[in-house]
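Here the structure is laid out as structure tokens; the discussion comes afterwards.
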Amino acid sequence: MTYQFDEQFERKGTLSLKWDQAESLFGDPEVLPLWVADMDFRCPPAVIETVKQRAELGMYGYTIRTQEYLDAIMSWFSRRHQWQIRPEWLTDTPGVVPALGIAIQVLSEPGDQVILQSPVYNPFYDVIRKNGRRVALNPLLLRNGRYEMDYEQLEGLMRNGAKLLLLCSPHNPGGRVWDREELEQLGRLCEQYDVRVISDEIHCDLILADKRHIPFATLSKGIADRTVTCLAPSKTFNMPGLHSSFTCISNPEIKQLFDAQVQTLAVGGVSFFGPPATIAAYNDSEDWLEALLQYVRGNMEYAVSFIKEQIPMLNPIVSEGTYLLWVDCRKLGLNPDALKQLMYQEAKIAFNEGSIYGEQGTGFLRINLACPRALLSKALDQFKAAVERV
């Protein structure tokens with residue numbers, strides 16, 4: 001089947017977080033939003049048809065998960081990631097970010113240090129601090145246009161008592177798809193210092209480079225026993241509003257603690273549309289994903305070439321995974337407020353300003369490439385014109 005990712009759809013007036021807040025967030029209703037990580041593409045046809053059929057039932061009651069749902073998840077991760085998941089390892093959650101918070105609650109105590117590798121997805125900071133834990137920064141090293149882990153500094157944090165790490169894999173916003181050797185070195189440190197890992201792998205299906213995502217829990221049984229993996233079809237198939245996500249925990253003790261906290265918070269139910277949509281996504285939408293990846297790769301190549309040729313003072317960090325482009329704008333010499341003014345008021349576009357991902361993101365921007373190329377082109381043209389006026 002041929003999919004038309006160039007089609008532009010009117011999303012204003014649809015209660016869209018991305019499109020219906022331009023004036024309240026950016027001061028101008030005409031600002032083009034290329035910020036929050038949802039796509040401006042229609043979901044796969046199989047998902048749309050399933051949701052339509054589900055809606056036509058007309059009674060949206062409490063919903064159970066079925067063996068078909070579990071089988072769809074296990075089959076997907078087996079064939080896409082060579083990960084043999086067992087059904088008893090899976091727990092449904094209302095979202096990946098809530099799952100991160102629950103995992104932090106059960107794997108640490110108030111006041112404990114939790115390691116994160118900055119710049120990183122901004123809710124990581126919130127789920128640590130708002131649960132009364134302390135952020136232990138392990139800044140990534142930007143070398144030759146590519147982020148790497150600083151293992152020496154990381155080991156120092158572990159040696160000084162940090163017993164929990166939040167891993168972002170693939171990395172958001174840096175776009176790294178971690179190599180097996182990098183993850184194995186990380187795993188050795190975690191085993192040596194008895195550090196547990198909460199691995200956010202929501203972008204695992206969105207691999208742009210000629211690489212393969214390695215689920216952290218697949219490295220060894222020892223690594224799996226200390227890992228909580230947070231997953232969802234939402235980024236892959238553009239269905240975050242359906243609230244279908246899950247954790248994978250093979251360690252029975254940790255699984256029991258996690259499930260007990262889910263029950264304590266009463267957040268364990270599944271949404272009416274979530275399981276059927278997940279089945280349609282994982283069982284019947286693989287060809288759509290391959291077409292999507294090809295289109296996003298084209299957007300990545302277009303954006304990187306445009307920036308290098310048309311705005312040469314900026315430096316794009318080519319993403320190996322995710323549909324996000326991280327751009328080094330430090331040569332503009334603008335602080336975060338000035339960078340926002342350049343975007344919102346001068347260029348009339350909204351990328352994510354980098355300091356929200358931590359101090360190491362100051363001077364950077366994150367661009368959402370999951371949109372029709374005409375929209376991306378317009379946003380980059382407007383941004384270029386604004387930069388030239390600086």
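Quantities reported herein were computed from a predicted structural model and do not represent experimental measurements.
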Parallel, tilted or perpendicular: ring planes of F273 versus Y60, cut at 30 and 60 degrees: tilted

Whether Y295 and F5 hold their rings parallel, tilted or perpendicular, with breakpoints at 30° and 60°: tilted

Side chain to side chain contact (heavy atoms under 4.5 Å, CB included) evaluation trace for L376 with L34: CA-CA 8 Å; L376 174 62; L34 281 77; 4.0 Å; yes

Examine [X] relative to [Y] and say whether NZ or CZ is less than 6.0 Å from the centre of the six-membered ring and inside a 45° cone about the ring axis.
X    : Y    : value
R54  : F272 : yes
R42  : F9   : yes
R366 : Y121 : no

Would you mind reporting whether [Y] and [X] have side-chain heavy atoms less than 4.5 Å apart?
X    : Y    : value
T229 : P215 : no
L231 : V96  : no
I198 : C230 : yes
I102 : L265 : yes
W35  : F351 : no
Y282 : L289 : no
L137 : V135 : yes
F364 : S355 : no

Would you mind checking if [Y] and [X] are paired as a salt bridge, meaning a charged N to carboxylate O distance below 4.0 Å?
X    : Y    : result
E148 : R143 : yes
D205 : K235 : no
K163 : D112 : no
D194 : R226 : yes
R196 : D225 : no
E286 : R80  : yes
K348 : D28  : yes
R146 : D179 : yes

Nearest heavy atoms of [X] and [Y], plus distance in Å:
X    : Y    : value
L219 : R180 : CD2-NH1, 3.8 Å
L314 : V327 : CB-CG1, 4.1 Å
I223 : A217 : CG2-CA, 4.4 Å
L183 : L167 : CD2-CD2, 4.2 Å

Short side-chain to backbone donor-acceptor contact, S285 and W288, under 3.5 Å: no

Nearest-0.5 Å distance that lies between atom NZ in K255 and atom CG in L90: 7.5 Å

Derivation and outcome, salt bridge (charged side-chain N to carboxylate O under 4.0 Å, His left out), residues R65 and D92: CA-CA 9 Å; R65 67 178 192 173; D92 292 295; 3.1 Å; yes

Within the 6.0 Å centroid threshold, strictly below: Y357 and W326: yes

Between F237 and W76, ring centroids under 6.0 Å: yes

Verdict with reasoning, T362 to R330, per side chain to side chain contact (heavy atoms under 4.5 Å, CB included): CA-CA 8 Å; T362 300; R330 289 177 292 180; over 6 Å; no

R86 atom CZ, over 12 foreign heavy atoms within 6.0 Å: no

hydrophobic_cluster_shared for M343 and I307, side chain cutoff 4.5 Å: yes

Residues S78, Q84; criterion side-chain hydrogen bond (donor to acceptor under 3.5 Å, both in side chains); working and verdict: CA-CA 5 Å; S78 175; Q84 308 307 315; 3.3 Å; yes

From CA spacing to verdict: side chain to side chain contact (heavy atoms under 4.5 Å, CB included), L324, N172: CA-CA 8 Å; L324 308 165; N172 171 17; 3.4 Å; yes

Side chain to side chain contact (heavy atoms under 4.5 Å, CB included) evaluation trace for M158 with L189: CA-CA 8 Å; M158 294 179 176; L189 288 174; 3.8 Å; yes

